[in-house]
Participant: 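I'd like to ask you about the structure that follows.
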Amino acid sequence: MTRSTQKLVGLGAVAGAALALALPLAASAHVHVTPEEAAAGASTELTFTIGHGCDGSPTTAVRIEMPDDIVSAKPVVNAGWTAETHTEPVDGVTDQNGEPVSERTSAVQFTAKTPLDAEQIDTLSVQVSLPEDTAGKTLAFPVEQTCESGSIAWDEVAESTGEEPEHPAPTITVGDVAEAGHGHGSAADDTSDHAGAAEAANTTADDDTDMVARIIGIAGLAVGAAGIVLAVLARRPRAKETK
């Protein structure tokens, strides 16, 4: 990468940062889950974002209810929280592999080691196994957020009208069954293919890197300029309306 290109990238980065500072962030107050879509017949890590407390009160615990279609769920370790898995007995239910089970995971509860400040954000993750018969469904994960003072139940599901409720439950859409394999050839064929691809990529790597860097720098400058203009316009006093 040439020195002029490096300078251009640096200016673009600074301009992008200026845009982030100039424009206010529109943060949603709801508990969100990502990803919002997942494939049936596979395990998926769902991440729930806790964006605020309960009317200014710090969060002490978060309980995530599993929909009836979920059989197995495991909490992902978070250094600031302890996790506990709750189960319930079931009859006539099979797991992701088609094996009969006598109980399923009904909820995962996280308890904060130190209460999460009401103005801070944290994420909590759970790995769930989505049975094949959940394909095409929308699954809701009701969340109970407990604070030092009060609590919030994020358990309302949007109606057919499409209007979002006041305390919506996080939901995901389950897609088609995930493919078990991708039809790879032998190990020797794979090695040969990778070697050929690497050699071809190295031929134009320097030129591509320089070009991408220039594009990023120019884009950063353009975005930064737009941010500065918007910030200036936002600070201009509005004209009084004439009756």
Side-chain angles (χ1 to χ4, degrees), residues 28-55 57-78 80-97 100-113 115-116 118 120-160 162-175:
S28 174
H30 304 328
V31 173
H32 287 284
V33 61
T34 54
E36 296 180 348
E37 298 182 1
S43 294
T44 300
E45 183 175 313
L46 302 178
T47 299
F48 297 80
T49 301
I50 310 302
H52 63 83
C54 308
D55 292 330
S57 179
T59 300
T60 57
V62 175
R63 180 185 175 93
I64 304 171
E65 300 286 344
M66 297 296 116
D68 293 339
D69 300 88
I70 299 297
V71 176
S72 175
K74 298 179 180 179
V76 177
V77 175
N78 184 312
W81 305 70
T82 60
E84 182 180 4
T85 301
H86 298 269
T87 61
E88 65 180 10
V90 292
D91 185 27
V93 176
T94 57
D95 61 15
Q96 185 177 334
N97 300 317
V101 295
S102 59
E103 64 179 19
R104 77 172 193 94
T105 303
S106 58
V108 174
Q109 177 160 329
F110 293 89
T111 302
K113 295 179 180 179
L116 177 65
Q120 294 181 346
I121 298 174
D122 206 348
T123 57
L124 303 170
S125 299
V126 179
Q127 186 181 63
V128 301
S129 296
L130 300 173
E132 293 186 359
D133 59 6
T134 59
K137 293 184 178 180
T138 296
L139 303 181
F141 294 79
V143 173
E144 179 74 19
Q145 179 182 2
T146 302
C147 300
E148 289 185 339
S149 177
S151 63
I152 303 176
W154 304 96
D155 58 359
E156 300 174 352
V157 179
E159 300 179 356
S160 57
E163 295 182 2
E164 186 177 61
E166 183 178 0
H167 298 102
T171 61
I172 66 169
T173 300
V174 185

Participant: To the nearest 0.5 Å, tell me how far L116 CG sits from H52 NE2.
Facilitator: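 Reported value, rounded in 0.5 Å steps: 11.0 Å.
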Participant: Apply the test side-chain hydrogen bond (donor to acceptor under 3.5 Å, both in side chains) to residues S129 and S43: give CA-CA distance (whole Å), side-chain angles for both, the deciding distance (0.1 Å), then the verdict.
Facilitator: CA-CA 4 Å; S129 296; S43 294; 3.3 Å; yes
Participant: Quick one: side chain to side chain donor-acceptor pair (under 3.5 Å) partners of S125, sequence neighbours excluded?
Facilitator: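 S125 satisfies side chain to side chain donor-acceptor pair (under 3.5 Å) with T47 only.
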Participant: Taking side chain as C-beta onward, heavy atoms only, is D68 less than 4.5 Å from R104?
Facilitator: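 Touching, per the 4.5 Å side-chain cut-off.
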Participant: I want to check something: taking the side chain as every heavy atom from C-beta on, are L139 and L130 in contact at a cut-off of under 4.5 Å?
Facilitator: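 SC-SC contact between L139 and L130 confirmed.
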Participant: State, yes or no, whether a side-chain contact exists between I121 and T49 at a heavy-atom distance under 4.5 Å.
Facilitator: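 Yes, close enough: below the 4.5 Å cut-off.
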Participant: Is a side-chain N or O of T134 found less than 3.5 angstrom from the main chain of A40, in a donor-acceptor match?
Facilitator: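 No.
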Participant: Is the count of non-hydrogen atoms from other residues, nucleotides or ligands lying under 6.0 Å from K137 atom NZ greater than 12?
Facilitator: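 Yes, the 6.0 Å shell around NZ holds more than 12 heavy atoms from other groups.
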Participant: Could you check if a side-chain atom of T171 sits within less than 4.5 angstrom of a side-chain atom of V33, using non-hydrogen atoms only?
Facilitator: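 No, side chains not in contact.
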Participant: Please check: side-chain N/O of E84 versus main-chain N/O of Q109, any donor-acceptor pairing under 3.5 Å?
Facilitator: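 Not a single qualifying donor-acceptor pair exists.
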Participant: For E144, check salt bridge (charged side-chain N to carboxylate O under 4.0 Å, His left out) against everything at least two apart and list the hits.
Facilitator: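 For E144, no residue satisfies salt bridge (charged side-chain N to carboxylate O under 4.0 Å, His left out) once neighbours in sequence are set aside.
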Participant: Calculate, to the nearest 0.5 Å, the distance between atoms OG and CD1 belonging to S106 and I64 respectively.
Facilitator: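 S106 OG to I64 CD1: 12.5 Å, rounded to 0.5 Å.
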Participant: Taking all non-hydrogen atoms of both residues into account, name the closest pair between A38 and T44 and its distance.
Facilitator: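 Heavy atoms of A38 and T44 come nearest at CB-OG1, 3.6 Å.
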Participant: Would you check if the side chain of D69 reaches a backbone N or O of P131 as a donor-acceptor pair within less than 3.5 Å?
Facilitator: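 Absent.
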Participant: Please check if the number of heavy atoms outside E36 that lie under 6.0 Å from its CD is greater than 12.
Facilitator: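 Open: at most 12 neighbouring heavy atoms sit under 6.0 Å from CD of E36.
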Participant: Where is the tightest heavy-atom contact between S57 and A118, given as atom of each residue plus distance?
Facilitator: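 Smallest interatomic distance, heavy atoms only, reads O-CB, 3.9 Å.
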Participant: Quick one: does T111's side chain have a donor or acceptor within less than 3.5 Å of a partner on T82's backbone?
Facilitator: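 Pair absent, no side-chain N/O of T111 close to backbone of T82.
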Participant: Report yes if the side chains of W154 and P142 come closer than 4.5 Å at any heavy-atom pair, otherwise no.
Facilitator: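 A side-chain contact under 4.5 Å is absent here.
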Participant: What heavy-atom pair brings V126 and A73 nearest, and what distance separates the two atoms?
Facilitator: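 For V126 and A73, the tightest heavy-atom pair comes out as CG1-CB, 3.9 Å.
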Participant: Just how far is it from atom CD1 of I50 to atom CH2 of W81, taken to the nearest 0.5 Å?
Facilitator: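 I50 atom CD1 to W81 atom CH2 measures 6.5 Å (nearest 0.5 Å).
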Participant: Are the side chains of D122 and N78 in touch, meaning some heavy atoms are under 4.5 Å apart?
Facilitator: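 In short, these two side chains touch, coming nearer than 4.5 Å.
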Participant: Would a 4.5 Å heavy-atom cut-off, applied to side chains only, mark L46 and P35 as touching?
Facilitator: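 Answer yes - side chains close enough.
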Participant: Any side-chain to backbone donor/acceptor pair from T60 onto T146? Under 3.5 Å, distance only.
Facilitator: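 Looks like yes, one N/O pair under 3.5 Å.
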Participant: Do M66 and F141 have side chains that approach each other closer than 4.5 Å (heavy atoms only, starting at C-beta)?
Facilitator: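 Heavy-atom side-chain distance check passes, below 4.5 Å.
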Participant: If you take all heavy atoms of S151 and C54, which pair is closest and at what distance?
Facilitator: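 Heavy-atom minimum between the residues: CA-SG, 3.9 Å.
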Participant: Work out which heavy atom in A39 is nearest to a heavy atom in V174; give both atom names and the distance.
Facilitator: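 Taking A39 first and V174 second, the nearest heavy atoms are C-CG1, 4.2 Å.
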Participant: Would you give the length of the straight line joining atom CD of Q127 to atom OG of S72, rounded to the nearest 0.5 angstrom?
Facilitator: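 With rounding to 0.5 Å, CD (Q127) is 8.0 Å from OG (S72).
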Participant: What I want to check is whether the side chains of Q145 and T59 have a donor and an acceptor closer together than 3.5 Å.
Facilitator: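 The criterion, which ignores hydrogens and geometry beyond distance, is satisfied for T59 and Q145.
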Participant: For the residue pair P58 and P115, what are the closest heavy atoms and their distance?
Facilitator: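 In this case the closest contact between P58 and P115 is CB-CB, 3.8 Å.
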